[in-house]
Amino acid sequence: MLDTASVPVQKPEDRPHEPRPQPAPRSDTGAIRTLGSNPATAPIVLHPGDSIPHRRRVLYIVLLGALTALGPFTIDLYLPAFPVLEEDFQTTAALIQLTLTGTMIGFALGQLIVGPLSDKVGRRWPLLSVTALHVLASTAAALAPTLELLSAARVLQGAGAAAGGVVAAAIVRDLFGGRRLVVMLSRLALVSGVAPVLAPLVGSALLAVMPWRGIFVVLAVYGAVMLVSAIIFLPETLPKARRSERGATTVWQRYRSVFSDRVFIGVLIIGGMTFSGMFSYLSSSSFLFQQTYGFDAQQYGILFAVNSLGVVVGVQTASRLAARFGPQWVMAWSTAVLVLAASAIVVTDQLGLGLWGTVVPLWIFIAACGFTFPCVQVLALDRHGKAAGTAQSIIGATNFGVAGLVSPLVGWIARDAGITATTMASVMVGCSIIGLLALWLVVRPRSVERLAP
């Protein structure tokens with residue numbers, strides 16, 4: 001037997017030729033950037049965000065969620081004021097809806113600029129500069145004396161709100177990957193899904209205590225708070241090496257890498273059609289429920305609060321199912337439900353089943369949207385970590401740009417007879433069918449690999 005007692009034990013200081021392990025330096029995000037001189041003794045960190053303390057991670061979720069909500073709140077907070085705007089400016093419902101379209105187009109174009117820029121120069125500078133534009137445009141909208149000037153301010157306001165969602169998702173992708181990415185993006189998807197539904201509720205409450213111009217003052221204050229919070233709490237998460245990495249230094253190269261991915265194209269179509277279906281409901285619901293069903297502004301807001309529960313249920317359930325079974329299979333069910341629920345609204349309205357015949361399948365439709373949104377983001381960003389800002393900007397621009405073009409179709413179809421549940425749901429049915437076909441013909445769920453750990 002070996003007599004281990006006679007073998008001298010060397011202490012680290014007795015081994016001059018073996019360097020001592022150095023503690024792993026941390027960045028401002030709390031992420032371990034290097035493993036020191038002795039990787040065998042260093043903690044295993046697959047992604048930078050894995051080493052962020054829990055309290056700091058919660059702070060990021062809250063702040064990034066609030067930034068993500070800035071866009072939907074900018075777009076939807078004034079929806080309950082549509083009838084008031086129509087009367088105040090002595091115009092038509094279709095022209096008031098165009099102010100919503102202008103905001104969404106501005107939001108889409110802003111994302112196409114901010115996303116690639118954030119991949120090139122970092123996350124902070126585009127976020128801060130564009131959010132400052134939002135504050136100025138919100139102030140201009142509050143003071144606009146004519147519908148034309150309000151529309152112009154709304155376009156700039158949409159562009160100024162573009163940075164929040166794009167940069168928030170890109171920061172999450174900088175820090176996380178695999179199944180943890182699913183969880184983190186589900187939190188942002190919950191905000192981006194719930195915010196458009198909750199915004200009219202908040203807008204209704206604001207209209208009870210202030211004129212419609214006060215809504216834009218509130219948005220200006222919201223943007224200013226986000227600007228200050230980002231300056232204080234958000235570090236730069238894109239390493240310098242990634243900003244100058246060979247092969248990904250131009251906008252064209254980033255767009256080419258993303259658009260050459262068949263799965264990305266498919267989920268892009270699904271996301272755009274799902275968002276368009278939901279916004280067809282959002283843009284027409286104030287007229288449908290307040291004028292057709294006789295709701296006042298507060299009752300209309302309560303309806304949106306109930307519908308927001310559908311998004312919450314959908315997003316939270318989808319995040320767990322996607323991590324276990326794969327986001328593509330969650331979408332296989334959710335896209336089918338979208339088609340069935342939207343079709344049910346048409347059928348129940350034609351059968352004359354009244355309010356309940358509309359709101360029950362509508363709740364199911366919105367819940368199915370909640371199942372779909374996080375799966376779209378996960379499939380898109382998990383495959384394009386090096387171009388996360390570009391990928392997210394394309395998703396956001398497509399969602400809001402296509403929705404901005406599609407949602408006014410409800411008003412156009414109903415231009416003679418008025419908005420009904422059938423005219424609203426007919427657009428939702430068309431969008432859902434396109435999304436369902438994109439899943440099975442373009443994405444092809446069986447061809448998508450499983451998520452990494």
Side-chain angles (χ1 to χ4, degrees), residues 24-34 45 47-52 56-57 59-71 107-135 159-177 181 184-185 188 223-258 377 380-397:
R26 295 175 180 266
S27 70
D28 291 337
T29 65
I32 296 178
R33 295 301 186 188
T34 62
V45 179
H47 306 285
D50 294 345
S51 62
I52 297 177
R56 187 99 179 156
R57 193 179 302 162
L59 172 64
Y60 285 168
I61 291 174
V62 172
L63 182 53
L64 295 177
L67 282 168
T68 301
L70 181 61
F107 190 69
L109 293 177
Q111 290 185 85
L112 291 176
I113 296 171
V114 171
L117 189 62
S118 72
D119 285 334
K120 177 65 177 177
V121 304
R123 312 302 185 196
R124 276 176 59 84
W125 182 82
L127 174 64
L128 300 181
S129 58
V130 176
T131 305
L133 172 64
H134 174 273
V135 176
V166 172
V167 175
I171 288 174
V172 169
R173 186 59 186 89
D174 289 342
L175 299 176
F176 303 100
L181 177 65
M184 296 298 291
L185 286 180
L188 298 188
V225 171
M226 289 297 95
L227 180 61
V228 174
S229 299
I231 292 173
I232 297 174
F233 297 112
L234 277 187
E236 179 58 65
T237 59
L238 186 67
K240 290 183 179 180
R242 288 264 301 278
R243 299 174 220 169
S244 58
E245 188 173 0
R246 187 175 181 84
T249 57
T250 67
V251 173
W252 166 247
Q253 287 169 327
R254 293 189 182 94
Y255 276 119
R256 184 174 60 182
S257 69
V258 170
Q377 279 194 307
L381 297 186
D382 188 60
R383 302 168 66 88
H384 296 284
K386 292 184 178 180
T390 301
Q392 180 60 30
S393 71
I394 295 171
I395 294 172

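Numbering of residues begins at 1 and proceeds along the displayed sequence.
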Atom [atom1] in [X], atom [atom2] in [Y]: separation rounded to 0.5 Å?
X      : Y      : atom1 : atom2 : value
Lys120 : Thr390 : NZ    : OG1   : 11.5 Å
Leu67  : Ser229 : CG    : OG    : 8.0 Å
Ile171 : Leu127 : CD1   : CG    : 6.5 Å

pair [X]-[Y]: side-chain heavy atoms closer than 4.5 Å:
X      : Y      : answer
Val258 : Ile394 : yes
Val167 : Leu234 : no
Ser118 : Leu238 : no
Leu175 : Tyr60  : yes

Is a side-chain N or O of Glu236 found less than 3.5 angstrom from the main chain of Arg123, in a donor-acceptor match? yes

Write down the atom of [X], the atom of [Y], and the distance for their closest heavy-atom approach.
X      : Y      : result
Gly115 : Ser393 : CA-CB, 3.5 Å
Pro126 : Val114 : CB-CG1, 4.1 Å
Ala162 : Gln111 : CB-N, 3.4 Å

Taking only residues two or more places apart in sequence, or in another chain, which ones meet [X] in a side chain to side chain contact (heavy atoms under 4.5 Å, CB included)?
X      : value
Ala108 : Ala397
Val228 : Ile232
Ala168 : Leu64, Thr68, Leu188
Leu227 : Leu128, Thr131, Ala132, Ile231

